[in-house]
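Have a look at the structure below before the remarks.
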Amino acid sequence: MVKHRNIVETLEPYRPGKPISEVKRELGLTDVIKLASNENPLGCSPKAVEALIKWTQEASLYPDGNCTELRNALAKRFNLEPEQFLFGAGSDEILEMIAQTYINPGDTTITCWPSFSRYEAVTRIMDGTMIKVPLRKDYRFDLEGILKSITVNTRIIWLCNPNNPTGTIITAKEQKAFLEKVPREVLVVLDEAYYEYAHGRDYPESIELLEEYDNIIILRTFSKAYGLAGLRIGYAISHKETIELLNRVRGPFNVNAAAQAAALAALDDQEFVQRSVQTNEKGKRYLYQAFEEMGLEYIPTHTNFIMVNVEKNSADVFKALLQKGVIIRAGDIFDMDNWIRVTIGTPEQNRRFIEALKEVLG
Ligand SMILES: *Cc1c(COP(=O)(O)O)cnc(C)c1O
C-alpha cells in the first residue's frame with residue numbers, strides 16, 4: 001500500500017443532499033421534490049439556457065482560463081478593476097484556493113458552529129486546525145467569541161453571511177465593528193453565497209469595505225439565486241494583490257466554458273434574479289405562517305432556506321419525509337438534532353412539503 005497523508009484518515013467525505021433520481025430508484029417513487037440543497041426552484045434564466053445551447057458547438061475547445069468576458073462584465077457591474085476578481089468551480093473551489101494560499105501546517109482558522117462545513121475541511125486538508133465558536137443563543141455569529149479566539153497562529157476567519165444553515169445575518173454595523181478589531185495579519189473571508197436574497201436592510205455592502213480593509217475576500221456564487229448550481233461557478237472579489245496570490249494556486253482551466261457562457265448571460269438577466277427573490281419572499285411568508293399554525297419554532301431567515309424545530313429526531317423526520325417524496329436536510333449533521341433545514345421552493349412545492357410534514361408529525 002502506498003502511504004497516504006495522515007490527515008486524510010480523519011477527513012469525512014462531504015455528504016450532499018440526496019439526488020432526486022436516487023430517491024426515485026430506491027423508494028420506487030415517481031414524484032419527488034428536492035428542498036435540500038438551496039437550489040433555485042425556478043431553474044435558471046432562459047438567457048442562460050440559450051447561451052448553453054449556443055456553447056455546445058464549442059465543446060471541443062478549452063475554456064478561456066482567465067474568464068475574460070465574465071470578469072469584465074462583473075468589473076463593470078460593481079465598478080471595480082477586472083483584476084479584483086478570481087473565478088472558481090463554485091465558491092467551494094475558491095475556499096480550497098484560499099486555504100492553499102494562506103494555511104501552513106499548525107495554523108488555525110476560526111468560524112462559528114453550526115455553519116458551512118467546507119471551512120473546516122479545507123483547513124484540515126492543509127494540516128491546519130479550525131476553532132469552532134458556538135453560535136449565540138439567537139443562532140447568530142458570535143463575533144465577540146471569535147475575537148477572543150484569535151491567537152498568533154490565526155490565519156483566517158470565515159464569516160458565513162447569511163449563515164448556512166441558520167439563515168441569520170451579521171449586520172453591516174456588526175461587521176464593520178468586527179473588522180476594526182481584527183488584526184490586519186488575519187484574513188477575513190466574507191462568504192456571501194446568498195447575497196442576492198439577503199441584500200438591503202441591515203445587510204452589509206461588503207464591496208464598499210475593500211478600500212478600507214486589505215485583509216478581506218468576498219465570495220459570491222452563481223449557484224443559488226442565479227440557479228446555475230450544476231455548472232459550478234463562483235467568484236472572489238478582493239484586492240489585486242490578494243487575487244494575484246490566489247491565482248498562483250488556481251488550475252489553468254478550472255472554470256468550464258459552459259459555466260462561463262451561462263453565467264455571463266445570467267448576469268444580464270437581473271429580472272430573473274428579482275423574480276427569484278420575490279418568489280422566495282412569498283414562499284417564506286407562507287412557510288412562516290404554516291409553521292406558526294403548527295406551533296413549530298423556526299429561525300427567521302435572510303436566505304432561501306429555513307431551519308425549523310420539529311421537536312423530533314431529525315434523521316427520523318428526514319426518512320419519513322423521504323417516503324413521501326420530499327427531500328430535506330436533517331439538522332443532526334449541524335448538531336441541531338431536532339431541527340430540519342428546508343429550501344424554500346415554488347408555491348406548489350412548499351404546499352406539498354407542509355402537507356407531508358403535517359402527516360409525518362401527526
Ligand atoms: C452553497 C454555498 C456555497 C458554495 O456554493 P458553490 O456552489 O460552490 O458556489 C458556499 N458557501 C455557502 C454558505 C453555501 O451555502
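Counting starts at 1 for both ligands and their atoms, following the listed order.
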- Aromatic ring proximity, centroids under 6.0 angstrom, Phe305 and Tyr194: yes
- Item | Contact with ligand 1 for Gly90, non-hydrogen, under 4.0 angstrom | yes
- Message: So, 4.0 Å and heavy atoms of Cys160: is ligand 1 close enough to count as a contact?
- Response: yes
- Message: If you measure every N or O of Ser91 against every N or O of ligand 1, does any of those distances drop under 3.5 Å?
- Response: yes
- Item | For Asp191, the ligand 1 atoms whose distance to one of its heavy atoms is below 4.0 Å | 10 (C), 11 (N), 12 (C), 13 (C)
- Task: With heavy atoms only and a cut-off of under 4.0 Å, state how Tyr194 meets ligand 1: side chain, backbone, both or neither.
- Result: side chain
- Query: Using links of under 4.5 Å between side-chain heavy atoms of ILVMFWY residues, direct or through other members, which residues join Leu95 in one cluster?
  - Reply: Leu86, Ile94, Met97, Ile98, Tyr102, Ile103, Phe116, Tyr119, Val122, Met126, Met130, Ile156, Trp158, Leu187, Val189, Ile217, Leu219, Ile243, Leu245, Leu246, Val249
- When the aromatic ring centroids of Phe222 and Tyr235 are compared, is their separation below 6.0 Å? yes
- Task: Starting from atom 7 (O) of ligand 1, locate the nearest protein heavy atom and write down its residue, its atom name and how far away it is, to 0.1 Å.
- Result: Ser223 OG, 2.5 Å
- Item | Per atom 3 (C) of ligand 1, closest listed option by heavy atom (Lys224, Arg232, Arg118) | Lys224
- Following the transitive rule for hydrophobic clusters with a side-chain heavy-atom cut-off under 4.5 Å over Ile, Leu, Val, Met, Phe, Trp and Tyr, establish whether Tyr195 and Leu159 coincide in one cluster. no
- Message: Strictly by side-chain hydrogen bond (donor to acceptor under 3.5 Å, both in side chains), give each pair with a member in residues 179-188 just once, sequence neighbours left out.
- Response: Glu180-Tyr213
- N or O contact, Asp92 vs ligand 1, cut-off under 3.5 Å: yes
- Query: Transitively linked via ILVMFWY side-chain contacts under 4.5 Å: Trp55 with Leu267?
  - Reply: no
